[in-house]
Structure formats: structure tokens, C-alpha cells
Amino acid sequence: MIFQYFWIALAILVVGFVVSMFRVLREYERGVIFMLGRYHKIKGPGLILVIPVIQQMVKVDLRVRVLDVPSQDVISRDNVSVKVNAVLYFRVVDPERAVINVEDFYDATSQLSQTTLRSVLGKHELDEMLASRDELNRDIQEILDEQTDPWGIKVTNVEIKHVDLDEDMVRVIARQAEAERVRRAKVIHANGEKEASEVLLDAARTLSAQPQALQLRYLQTLTEVANDRTTTVVFPLPMDMIDSFLKKD
């Protein structure tokens, strides 16, 4: 009777041992297999075989991960203190290096992204942070992608979300923008005056070259004045014209 229980228990252990050897990995998962502590191979996806005790498996997700970089205190090159946060998209492209070369690739990538964000933005002025985000995103992505390559990580995208300023700096920027608009208005007005003076100069040269044209312009001006609601129009006449009228009389 004791031997029967023994064989039943042994059979259950054997069945459990055999069942535990089979693992199922999804399409986006890979298993890094270690044989007696040494790297053996990468398996998956689908049904794989892992020998208990002798082999150990570390499961790695290959999907794109989203990392929210916390707000960082950054001092720009023109000595302006701002708070900047960003979002980072990355994925594992080499499960072997992601498991062997770094203890926790997610935490390591998070810490590296924070330091890189501060160092890159600290080299630029505030105006560049606000107006050239696309270039800054590319610079941060290239630096992170290069530094995380030994970990088997591919940084696919970096986006700066917010650049927060204190109220005093917001008021200063508003005054600067207002002064810029006033400057542009003055420049546009001056350019208009310059163009108008050039046109008037050309018209004066044309009229001075043809006395008849000047006389026609003079008569046209009188016609415009006569259309007004004035009752009396006083205008000068050339002396030679008056003399001719007197001689006829």
C-alpha cells in the first residue's frame, strides 16, 4: 500500500515536472534562457521548452514603452530658471543585452533621460526652448539612443511637453512681445513713408519734364476742390495769364 502511494506521488511529480517545462510566450514577448547561470539562447514567441532547475528564463516585452519624464529644474544659457517635463518612447530591440548589460533597463533609461534633458536644455536660451522644440527633441533623442544602444534599447521618439515659467518671467516675456510688435509697426510705417516719398519724387520728375502735364494736374486739383461744398474758391493765376487778359481788354 505504501509503495502504491509512493508511485502515485512520483507520477504526480513527474507529470508536474513535465508540465512545468512548457511555457507559452506571446507574439511581443521573448524569453532569455540561462543554462546553469550562463546565457544560452533567446526563445519565443509561441510554445517553448524550459528545463526546470537547469534552465531559467527571463521574460522581456518588446512593445514600445512610454516613459513620463518628471519635471526637471533647468537653468537656460541666459540664466532663466524653468521647469521642463517630457515624454519618452522606447522599446527593447536586443533582449540579451537588455537583461545582461543592465540591471533594470526601464529605471536606467528613466534616470538617463532626466539627466540628458537637463544637460541639453541647459545649453540653449529660453527663446530656443519655446520656439525650437523639434530640434531639441531630435538632439535629446539622438543622445539617448546612442547611450542606450549598449543596453539593447532603441529610443523611437522624445517630446518636450511643457516649459513652465514663473509669473514674473511671463510678464517680462509679455512686455518683450509688446515692444517687438511696436517696433515692427514703426518699421512698417517708416517703410510706407519711404515708398510714398519715392513715388512722389518720380511723379514730380515726370510733371517737371512736361509743363502741360503740370497745368493739367493743376486744373484737376481745381476740379476736385470745386466738387466740395464750398461756395467760394480762391486760386492763384500765373502773371503772364493775367497780363494776356488785360491786353485783350
Side-chain angles (χ1 to χ4, degrees), residues 26-30 58-192:
R26 298 180 179 88
E27 183 65 31
Y28 54 84
E29 293 176 335
R30 298 294 184 272
V58 178
K59 189 184 298 185
V60 179
D61 194 327
L62 301 185
R63 291 177 295 182
V64 175
R65 298 193 178 193
V66 182
L67 177 61
D68 190 5
V69 182
S71 296
Q72 302 296 311
D73 293 325
V74 179
I75 299 178
S76 63
R77 192 171 63 180
D78 51 351
N79 296 324
V80 178
S81 179
V82 296
K83 288 184 176 295
V84 183
N85 62 346
V87 61
L88 175 69
Y89 299 88
F90 70 96
R91 62 188 180 90
V92 177
V93 295
D94 191 339
E96 176 187 352
R97 289 187 292 174
V99 173
I100 297 176
N101 293 353
V102 61
E103 180 180 1
D104 186 346
F105 65 86
Y106 187 87
D107 185 62
T109 304
S110 175
Q111 296 298 325
L112 182 61
S113 63
Q114 296 178 34
T115 56
T116 304
L117 183 65
R118 290 195 299 268
S119 63
V120 171
L121 296 184
K123 299 178 182 178
H124 297 271
E125 297 182 355
L126 178 61
D127 293 339
E128 296 177 351
M129 295 184 192
L130 299 176
S132 304
R133 289 194 180 185
D134 292 338
E135 297 178 2
L136 295 177
N137 292 335
R138 287 194 296 269
D139 293 342
I140 297 173
Q141 177 184 351
E142 291 176 357
I143 294 174
L144 287 175
D145 194 26
E146 181 180 358
Q147 295 183 354
T148 57
D149 183 68
W151 304 341
I153 304 297
K154 171 63 178 178
V155 178
T156 58
N157 194 15
V158 176
E159 292 291 340
I160 298 175
K161 296 196 318 185
H162 299 291
V163 178
D164 297 329
L165 304 172
D166 55 13
E167 295 182 358
D168 294 336
M169 184 55 61
V170 172
R171 287 193 292 269
V172 170
I173 294 177
R175 290 196 297 268
Q176 180 182 2
E178 183 179 359
E180 179 65 20
R181 289 194 294 269
V182 172
R183 183 189 69 83
R184 292 180 181 179
K186 291 182 178 180
V187 171
I188 293 174
H189 179 72
N191 290 332

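Along the sequence shown, the residues carry numbers beginning at 1.
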Discussion item. Consider side-chain contact (heavy atoms from CB on, under 4.5 Å). Of Val93, Ile153, Val102, Ile143, which one does Thr148 pass it with?
Written reply: Ile153
Discussion item. Taking atom CD as the centre, does Gln111 end up with more than 12 heavy-atom neighbours from other residues, nucleotides or ligands that are less than 6.0 angstrom away?
Written reply: yes
Worksheet item: Between Val163 and Leu121, is any pair of side-chain heavy atoms under 4.5 Å apart?
Response: no
Practice prompt. Tell me, please, which residues at least two apart from Lys154 pass salt bridge (charged side-chain N to carboxylate O under 4.0 Å, His left out).
Written response: Asp145
Fill in: Under the side chain to side chain contact (heavy atoms under 4.5 Å, CB included) test, residues paired with Leu144 that sit two or more places apart
Leu88, Leu112, Ser113, Thr116, Ile140, Val155, Val158
Worksheet item: Out of curiosity, Asn79 CG to Leu126 CG, how far, rounded to the nearest 0.5 Å?
Response: 11.5 Å
Worksheet item: Among all residues two or more places apart in sequence or in another chain, which pass the side-chain hydrogen bond (donor to acceptor under 3.5 Å, both in side chains) test with Arg26?
Response: Glu29
Discussion item. Using the side-chain hydrogen bond (donor to acceptor under 3.5 Å, both in side chains) criterion, which residues pair with Glu180? Sequence neighbours excluded.
Written reply: Arg183, Arg184
Worksheet item: Got a second to check how far Lys83's NZ is from Gln72's CD, nearest 0.5 Å?
Response: 9.0 Å
Fill in: Residue pairs passing the salt bridge (Lys or Arg N to Asp or Glu O under 4.0 Å) test where at least one lies in residues 124-139, sequence neighbours excluded
Arg77-Glu125
Practice prompt. Among residues two or more places apart or on two chains, list those pairs meeting salt bridge (Lys or Arg N to Asp or Glu O under 4.0 Å) that have a residue in residues 105-124.
Written response: none
Worksheet entry | Test item: Asn137 side-chain N/O and Ile160 main-chain N/O as donor-acceptor pair under 3.5 Å | yes
Practice prompt. Determine yes or no for a side-chain-to-main-chain donor-acceptor pair under 3.5 angstrom, with Thr156 supplying the side chain and Tyr89 the backbone.
Written response: yes
Worksheet item: Quick one: does Asn101's side chain have a donor or acceptor within less than 3.5 Å of a partner on Trp151's backbone?
Response: no
Practice prompt. List for me each residue that meets side chain to side chain contact (heavy atoms under 4.5 Å, CB included) alongside Val60, sequence neighbours excluded, and say none if there are none.
Written response: Val32, Leu62, Val92, Pro95, Val99
Worksheet entry | Partners meeting side-chain hydrogen bond (donor to acceptor under 3.5 Å, both in side chains) with Ser76 (sequence neighbours left out) | Asp78
Practice prompt. Could you tell me which residues satisfy side chain to side chain contact (heavy atoms under 4.5 Å, CB included) with His189, sequence neighbours excluded, listed by chain and number?
Written response: Glu193
Fill in: Listed partners of Asp61 passing side-chain hydrogen bond (donor to acceptor under 3.5 Å, both in side chains), at least two apart
Arg63
Practice prompt. Determine the sole option in Leu117, Val84, Val82, Asn85 for which the side-chain contact (heavy atoms from CB on, under 4.5 Å) test with Ser71 is passed.
Written response: Asn85
Worksheet item: How are the rings of Tyr106 and Phe90 set to each other: parallel, tilted or perpendicular (split at 30° and 60°)?
Response: tilted
Practice prompt. Output yes when a side-chain donor or acceptor of Arg97 lies under 3.5 Å from a complementary backbone atom of Asp149, and no otherwise.
Written response: yes
Response to the item:
Taken in chain and number order and not counting sequence neighbours, the residues that satisfy side chain to side chain contact (heavy atoms under 4.5 Å, CB included) with Asp68 are Lys161
Discussion item. Asp104: which residues meet the salt bridge (charged side-chain N to carboxylate O under 4.0 Å, His left out) condition with it, sequence neighbours left out?
Written reply: none
